[in-house]
There are 2 protein chains.
Amino acid sequence: MPGVDCQSGFPCSGRMLTWNHESDGTGTDRSGHGRGDPRAVGGMNQEMASTTMPLDAELIAVVAAVTARMPRVLTLETGNSLPSGPFESAHRSLQAGVRSWVERQTHHPLGHIEQLYTFADRDRLESSGPRRVISVGYLALTLESRRDPEPGVGWWSWYRYFPWEDHRQGPPPVLGPILGALEGWATRASGAPGRRERRRRYRHAFGAGGLAWNEEWVLQRYELLYEAGLIAEAQRRSPGAEPGRDDPPTGEAMVQDHRRILATAITRLRAKIKYRPVVFELLPATFTYLELQQAVEAIAGLRLHKQNFRRLMVQQKLVEPTGAIEVRTGGRPARRYRFRREVLLEQAPGGARLPQARGRI
Amino acid sequence: MPGVDCQSGFPCSGRMLTWNHESDGTGTDRSGHGRGDPRAVGGMNQEMASTTMPLDAELIAVVAAVTARMPRVLTLETGNSLPSGPFESAHRSLQAGVRSWVERQTHHPLGHIEQLYTFADRDRLESSGPRRVISVGYLALTLESRRDPEPGVGWWSWYRYFPWEDHRQGPPPVLGPILGALEGWATRASGAPGRRERRRRYRHAFGAGGLAWNEEWVLQRYELLYEAGLIAEAQRRSPGAEPGRDDPPTGEAMVQDHRRILATAITRLRAKIKYRPVVFELLPATFTYLELQQAVEAIAGLRLHKQNFRRLMVQQKLVEPTGAIEVRTGGRPARRYRFRREVLLEQAPGGARLPQARGRI
DNA sequence: CCCACTTATGCTCACAATGAGCATTAAAGG
DNA sequence: CCTTTAATGCTCATTGTGAGCATAAGTGGG
């Protein structure tokens, strides 16, 4: 009776069967901005012209980079919108469309690209024209290039739009006022159960009241703030609502729901950086361990333990020394490394342990 | 000097920073069926009418269930296609569209739904009409219902389409011939490096030559077989190619690229089941540990270690006993459990440990 | 009633992975 | 030479996970 010999990364494992309980915000049944979203209402009692309907497809890209320890996003209109454009007939595929569109619009070559999410909610666009639009969001990782900055095109820190997300120096100052406002929102709920529920939700999302901060829940936090009416974009939609004078600052707004798409992208990247070697797409060819770590820290919005980070890099053999030494460190010189591209082809996928169960159990 | 107190699930962790090296096949820059995909060629030298183009949106659903220890998919046309239909103007959102379309088509209520992927490759459809189509794939989890089976509508085992994916009784018989054919394909490459590369790729994907089988790489394996010309759908596309008489059986074909979409869904579900409590969507309200385990095994196509699986359930407190006892076990009676829905709201997300770094490092 | 057989449950044990933090090395700047 | 700042090495306690032994509690036959 040999037993399973579990290399499956599974229950026999269990390492992998640690269920997260959290929605990733990109897949589950949420059509708008969460329950209270004004956009989720409306419709459903309108024309009901149940026929195929020609529509336009739009591509929206979140182009991310890291410079000077800051995660940045490529924007148009002086930071008010993400690069986007129509899906054209000349494009072989959606992916090709994003690439050509963004590169034409920004003169910026894209690196790694992945699809984020597709949506076509009826009330998405403010000026709903005659045609319905289906939007496909993409996340692209690159190096920030400084050359020919077109007018209006620029790189802005993520944290300009989500100031509560940067916990590298500990909880950011904005967090206090935000939690205060959320508590107010909870208090305004009708009924004790409603108040309790709102309180539970915001504490959970923001790690308040002794709960832990989960850096991955970017979208959830944004949606909660939106629901609580603390996001400028939400106030735009309900014209009656004025920004309360006591409302805390909740970051710069963007056109339409671009900021929500950015939140989706950050969520995705913060999750992905943990199980795929994507950081390297954001770094120059060679780097020191510290630079690598700081890139991860910038994205995650957290400080990391230096020695353990190093140990991890060593164990996984993701990088190899170039032989070069960086002397401008402020301390002992550091070795420079390069990403071992071969790992993309090699055997063991670090996290999810491999396969196969043999014999009877 | 307090230190980081790393609960971040991060590098200080490293638990989470074990990069996978693998593409998930749903996000990366692959527009067709991998490098050799005939669909990835074509186009790019055609009309180039670079303007906004009205197109039709189509929704395609992979509706999954588990019955009698088999993972099943809801199909139309006697197993030849997935439920699909146009995105209509009456639909509030894409998600709502899938729901109503599938339910109308199959009289089957859907449970959990998540978006899979959106594609609009030019050469996707065989009969490319005048209009371009953008397709949005969805994955839905439900319980199989037996009532009023419309003609042509039915549930088929996944493994009918991917017979090499079921490793619950050890490597399936088809695997041998398939590996043989892949070796032949590798041998037919021109040049030693080409042959070596093909060999490396198929061994990696299929866990041949001492390598481990990774149950998550469903899409990669399918694409490799497609590229090797071993998939019926691929042969349809290049009319010259006849199925070789020595070709191994590679499962039932489906219309268009529906089988590829199914592969994407299986890949996603096999991955997701490890870090989110989604299995419960596939189970009745109460169940025994064994039933739960068998559902996971059906999806993963692997056998699991019973005691450790149990330990996991206990540790994570995902289920609670109902008090009921199942006696028809063939052995000692088993307790029945129910999923603790509260866990969806509760604190700790099992896998990705929580956050926050305080103090200086 | 005892026995063989089957599945359910408990529990142990060794080993690998991970969180924290001490210690040492190697530059730069007075 | 001494202080400060990083880079690197390495230790140590804890927890997580792979395997498997052992016992419990039914069923179906002698």
Side-chain angles (χ1 to χ4, degrees), chain A residues 1-18 274 287-294 302-316 321 324-337 348 350-361, chain B residues 1-18 274 287-294 302-316 321 324-337 348 350-361:
Chain A
M1 242 205 195
V4 213
D5 188 35
C6 188
Q7 314 166 358
S8 63
F10 241 130
C12 114
S13 118
R15 166 177 203 176
M16 296 318 297
L17 255 185
T18 48
K274 292 179 183 172
F287 43 82
T288 64
Y289 274 137
L290 184 59
E291 286 163 359
L292 176 56
Q293 176 176 346
Q294 285 176 336
L302 293 175
R303 293 301 304 266
L304 308 176
H305 184 285
K306 187 190 267 191
Q307 297 95 318
N308 290 344
F309 183 87
R310 165 181 296 272
R311 173 172 66 185
L312 213 62
M313 294 303 108
V314 172
Q315 282 173 351
Q316 300 197 205
I325 301 284
E326 177 59 59
V327 286
R328 293 162 307 174
T329 61
R332 172 174 168 175
R335 270 174 273 201
R336 297 193 74 83
Y337 296 84
R353 210 62 77 19
L354 301 212
Q356 199 76 333
R358 340 158 189 147
R360 209 110 295 281
I361 307 187
Chain B
M1 239 204 195
V4 215
D5 188 34
C6 188
Q7 315 164 359
S8 64
F10 241 131
C12 109
S13 123
R15 161 172 208 181
M16 295 320 297
L17 253 186
T18 49
K274 293 178 182 171
F287 43 81
T288 64
Y289 273 138
L290 184 59
E291 287 163 358
L292 176 56
Q293 177 176 343
Q294 285 175 338
L302 293 174
R303 295 301 303 268
L304 309 176
H305 185 284
K306 188 189 269 193
Q307 297 94 319
N308 290 344
F309 183 86
R310 165 181 296 273
R311 173 172 65 187
L312 214 61
M313 292 305 107
V314 173
Q315 282 174 352
Q316 298 196 206
I325 300 285
E326 177 59 58
V327 285
R328 295 163 306 176
T329 61
R332 170 174 171 177
R335 268 173 275 200
R336 298 193 72 82
Y337 297 84
R353 213 62 78 20
L354 304 211
Q356 198 75 333
R358 342 159 189 145
R360 210 109 297 279
I361 307 188

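In what follows, chains carry the letters A, B, and so on, assigned in the order in which the sequence lines appear, proteins first and then strands, with residues in each chain numbered from 1. The structure presented is a predicted model; accordingly, all values stated were derived computationally and were not measured.
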Nearest-angstrom distance from the residue atom [atom1] of [X] to [atom2] of [N]:
{"X": "A:Leu312", "N": "D:dC10", "atom1": "CG", "atom2": "P", "answer": "17 Å"}
{"X": "B:Asn308", "N": "C:dG10", "atom1": "CG", "atom2": "C1'", "answer": "12 Å"}
{"X": "B:Met313", "N": "C:dT9", "atom1": "CE", "atom2": "P", "answer": "14 Å"}
{"X": "B:Gln307", "N": "C:dC13", "atom1": "CD", "atom2": "P", "answer": "16 Å"}
{"X": "B:Arg310", "N": "C:dT12", "atom1": "CZ", "atom2": "P", "answer": "16 Å"}
{"X": "B:Gln315", "N": "C:dG10", "atom1": "CD", "atom2": "P", "answer": "14 Å"}
{"X": "B:Leu292", "N": "C:dT7", "atom1": "CG", "atom2": "P", "answer": "17 Å"}
{"X": "B:Leu304", "N": "D:dG20", "atom1": "CG", "atom2": "P", "answer": "15 Å"}

Partner set under side-chain contact (heavy atoms from CB on, under 4.5 Å) for A:Pro321, not counting sequence neighbours
A:Tyr337

With sequence neighbours left out, write down each residue that passes side-chain contact (heavy atoms from CB on, under 4.5 Å) with B:Glu326, or none if nothing qualifies.
B:Thr288, B:Arg328, B:Thr329, B:Arg336

Could you list by number each residue of residues 324-334 of chain B showing a heavy-atom separation from DNA chain D of less than 4.0 Å, or answer none if no residue does?
B:Gly331, B:Arg332, B:Pro333

To the nearest 0.5 Å, how far apart are CZ in A:Arg303 and CZ in A:Phe309?
12.0 Å

So NZ of A:Lys306 and CZ of A:Arg311: to nearest 0.5 Å the spacing works out to 15.5 Å

May I ask you to evaluate whether A:Lys306 reaches the phosphate of D:dT8, defined as a side-chain N or O under 4.0 Å from OP1 or OP2?
no

Quick note, A:Arg311 side chain, CB onward, closest among D:dG9, C:dT9, D:dT11 is D:dT11

Which one, D:dT17, D:dG20, D:dG9, comes nearest to the side chain of B:His305?
D:dG20

Nearest heavy-atom contact between A:Leu304 and A:Gln293 is O-NE2, 3.1 Å

So, for A:Met313 and A:Tyr289, which heavy atoms are closest and what is the spacing to 0.1 Å?
CB-CE2, 3.3 Å

